[in-house]
Structures are given as structure tokens and as C-alpha cells.
Amino acid sequence: MLAQVAFWAVVFLTLGSAVYVTLSKNIMRAAFALVVAFGGVAGLFFFLQADFLAVVQFLVYVGGIVVLMVFAVMFSPNVAQKTFRESSGNFLYAIPTTLAVAILILATISGVLTPTKSEGQAENSTSDQIGARFYRASETDAQEPAGLIEDQLALTINHDHAEALNDQNEWTTLHGRPAAERPETFKSHNLPLGRPTSTPIAELLLSKYVLPFELAGILLLAVTIGAIVLVRKETRHEEEETEGGAP
Amino acid sequence: MTFFDRVLLGPDSVEAYILVGALMFIVGLFCMLTRRNFFGLLMGIELVLNGASLSFVAYSGFIPVGVSEGFDRIEPQVFSLFVIVLAAAEAVIAFALALALFQIRNTVDVTRIDDLKC
């Protein structure tokens, strides 16, 4: 019950501030509403047990991007007064476009997430979640994972086949190493409630996603250099002076 | 149970998180389409990226019915981490562009910056 109240409070805070960001006449108020919206998304990440990501979201968005935005706004005078108050007047095109995209997205997600009748057997295996295509990750961790596989496979496949699959799953690991050789922290990525997610994220970043990780580092370096080059003023004057002084 | 019945279950259904992410995406899209100020445009982009990121992470808190082994619930969070990195990089470059533009044109009104329009 408490979780329900907290969840809906966070949801309405997030969406309300997102709408305020869109409709506000004052750029500073919009920036601070953006803080609330990002914080609300971080709260939803906590609800999803993505603790590391929630903290990163708070640090990068609230502590980085919004502060940067406020600084950029304050460094450019008369930005706040004039142009933010009036919208582009493109409502004639904006409203139909937004409505079309909204209908497309909502129809897609409601269609994809609504189970069809042919999946009835799979639904019955989790009796309290009738009609669900997804159930909470923490619910499985309370039980033995192997027992759950057995339950679900026994409904659809015959028992011998289920046992064969079970044996296979015990020895097939994420990196192809047998389960016995792995240290305890690498045992399962389906973490139980309250287990921090930073260890498996770090493991994935340094094994499977090491190339995107390195590329992100190069991108951030390029962005740092690019930002410095873009906002620098003196180089233009120097070039003009040397061009003018050469002859 | 229909889709919206399951949304009303709140934190225990993946549908609620997906719907919130989709609504954030839509609100951000509307912000991008109607704002005239460069910074307002960027706020819309950030909202869109956050909505997409939330949809990624929503699937990390839940497991599809019928799949129990081999479903890696951390992987969506890694994708979301990369979304955050890209959003930060994009924001830095966009602010630098806005400041450089302001020094040259003395405006951040995107409807008046149309030199490349033929």
C-alpha cells in the first residue's frame, strides 16, 4: 500500500514537472522543474531496483546537465526574458504530430504488452499474475531458480526434456565457464532484492560491452575538446590579426 | 486483464513504467516541436532521452513469463548508462553551440537562425 502511494506520487511529480517544463513561460522555472522530473525518474529507477543507475542519473542529470543549463542561460543575457515566453507558434503542426506519435506509441505498447490467448498456459504458471507477460525479477529470486525452470517447463514440455534442460542450465554460464569455477559474486545476474547492481554492471562493461565503453570514453574526450574549441573567442582575433599584419 | 488494468497495479507491473516512459517521451517531443528558445529545445531532448532510458530500465526490473534462465536483467541498465553518457555529451556540445551562436548572432531564437534555408 505504501509502495503504491509512493509510486503514484513519484509518477505524478515526474509527469507534472515534465508538462511544466513544456508549458512554462520562465526558463529558470522550467530548469528547476527539469530537476524534479529527473529526480522523479531516478526515484522510478529505485523502484526498479536499479540503484547504481538511479545515483548516476541524479549525479549526471541533476548535478551536471541542469547546472550546466542554468549556467549557460545565465551567461547569455536577455535569453530568459524574450524568446522563452513565446512558443514557435507551430501548434498547427506540433499538435497533430504529437498526437500521431502518441497514438502510435500507446497502441504499440498496449498491443505488445497485452497477452494473446495462445499464451494462456504460460500465464497460468504464475497464478497470481494472470494476464501478465512480465513479473517482478525479485519474485523469482525468492525461490530456487532451478525449481522455477522445472515448474514452467513441466507445464509445456515433458518431464525428461525438462530435466535435460535443467542439467544444461546448471553448467551453462554467462561466459561459458562452468559454474563451479566462478566466484560467488558472479553467480547470478538476476539479483535478489537489495543486492547492489554495480558489480554486474561493471562486469558487463568490462567484458561484453568493453568496445562501446572505450568508444564512450573517446566520445567524451572529443566532446571536451570540442566544447573548449567552440566557446573560445581569442583564436578568431589572432587569425584576423595575423592575416591583416602579414602584408 | 487489459493493458490499462495492469497499469493500475502500479509498481508491480511493467506496464506502468513503460507508460510513464512513453508519456515522458511524448511530452518531450511536444516541447521540442513548440519551443522557440534553443534551451527549451534542449530540455525537450533531455525529456525524450529520459523517457527512452526509463523504458529500457523498466524491462530490467521484470522477467518475461516463461523465461527464467538466461535473461540478463542488468543488460538494459548498461544500455541506459550509455544513453546517459550520450545525453551528457550531446548537452555539452549543444550548450557550447548555443553560447557560440549567441556571441555571433545575439539570439538563441531557433526560428531566426535560418541562414542555411534556401
Side-chain angles (χ1 to χ4, degrees), chain A residues 3-4 7 11 15 18-19 21-22 27 30 34 41 44-45 47-50 53 56 60 65 68 72-73 76 79 83-84 86-88 90 94 97-98 101-102 105 109-110 113-114 122 131-134 136-137 140 148-149 169 189-190 200-201 204 209 212 216 219-220 223 226-227 230-231, chain B residues 1-3 6 10-12 14-15 17-18 20 22-24 26-27 29-31 33-37 39-40 43 46-47 50 54 57-58 60-66 68-69 72-75 77-78 80-82 84-85 88-89 91-93 95-100 102-103 108-109 111:
Chain A
Q4 288 275 339
F7 177 79
V11 164
L15 291 179
V19 171
V21 168
T22 305
I27 192 168
L34 206 61
V41 173
L44 290 177
F45 285 173
F47 268 104
L48 289 162
Q49 299 152 33
L53 207 58
V56 168
V60 173
I65 291 179
L68 190 69
V73 168
S76 42
V79 162
T83 52
F84 203 75
E86 50 200 54
S87 70
S88 63
N90 270 339
T97 310
T98 312
V101 173
I105 291 177
I109 60 173
S110 62
L113 289 174
T114 303
R133 293 192 86 167
F134 290 87
R136 264 255 185 242
T140 57
L148 192 86
I149 299 165
N169 279 332
H189 277 190
N190 287 335
I201 285 178
L204 268 182
Y209 293 101
L219 175 79
L220 286 177
V223 161
L230 274 176
V231 296
Chain B
M1 286 177 100
T2 63
F3 175 75
R6 293 198 48 77
D12 295 326
V14 72
E15 285 87 350
Y17 297 97
I18 297 294
V20 173
L23 288 178
M24 254 187 117
I26 291 161
V27 169
L29 182 72
F30 188 73
C31 187
L33 288 172
T34 54
R35 280 293 186 205
R36 174 177 278 195
N37 190 309
F39 295 105
M43 289 179 188
E46 297 301 330
L47 283 179
N50 243 294
L54 180 60
V57 184
S60 103
F62 297 87
I63 293 177
V65 170
S68 52
E69 190 74 12
D72 192 352
R73 64 164 285 233
I74 298 299
E75 214 151 322
Q77 300 187 17
V78 177
S80 194
L81 211 57
F82 285 123
I84 289 176
V85 170
V92 168
I93 286 297
F95 291 141
L97 276 178
L99 285 182
F102 189 81
Q103 286 169 1
V108 286
D109 185 346
T111 58

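So that the names make sense, note that chain A is the first sequence line, chain B the second, and so on, each numbered from 1. When reading the values below, keep in mind they use all heavy atoms of this one structure, side chains included, and skip hydrogens, waters and symmetry mates.
For a residue to count as touching a neighbouring chain, one of its non-hydrogen atoms must lie under 4.5 Å from one of that chain's; by this rule A:L68 touches chain B with backbone and side chain alike. Of the two parts of A:L44, the backbone and the side chain both hold a non-hydrogen atom closer than 4.5 Å to a non-hydrogen atom of chain B.
Atoms CG and CZ, on B:N50 and A:F45 in that order, are 6.5 Å from each other to the nearest 0.5 Å. Between the CD1 atom in B:I26 and the OG1 atom in A:T98 there is a gap of 8.5 Å [rounded to 0.5 Å].
Nearest heavy-atom pair, A:A72 versus B:L99, reported as atom, atom and distance to 0.1 Å: O-CD2, 3.9 Å. The two residues B:P11 and A:A3 have their closest heavy-atom pair at CG-O, 4.0 Å. Of all heavy-atom pairs between B:F95 and A:I65, the closest is CE1-O, 4.0 Å. B:C31 and A:V21 make their closest contact through SG-O, 4.4 Å (heavy atoms, listed as atom of the first residue, atom of the second, distance).
With sequence neighbours excluded, no residue forms a ring pair (Phe, Tyr, Trp, His ring centres under 6.0 Å) with B:F82. Applying the side chain to side chain donor-acceptor pair (under 3.5 Å) test to A:T22 and every residue at least two apart in sequence or in another chain returns nothing.
Options A:I109, A:L34, A:V11 differ in how many heavy-atom pairs under 4.5 Å they form with chain B, and the most are formed by A:I109. Interface summary for chain B: among A:I201, A:V101, A:V19, the most heavy-atom pairs under 4.5 angstrom belong to A:I201. Taking chain A as the reference chain and counting heavy-atom pairs below 4.5 Å, the highest number among B:V92, B:V20, B:L23, B:I84 is found for B:I84.
For the pair A:V41 and B:M24, the minimum side-chain heavy-atom distance is below 4.5 Å. The closest side-chain heavy-atom distance from A:T97 to B:F30 is not below 4.5 Å. The shortest distance between side-chain heavy atoms of B:V27 and A:L15 does not fall below 4.5 Å. The closest side-chain heavy-atom distance from A:L48 to B:Q77 is not below 4.5 Å.
The ring of A:F7 has its center closer than 6.0 angstrom to the ring center of B:Y17.
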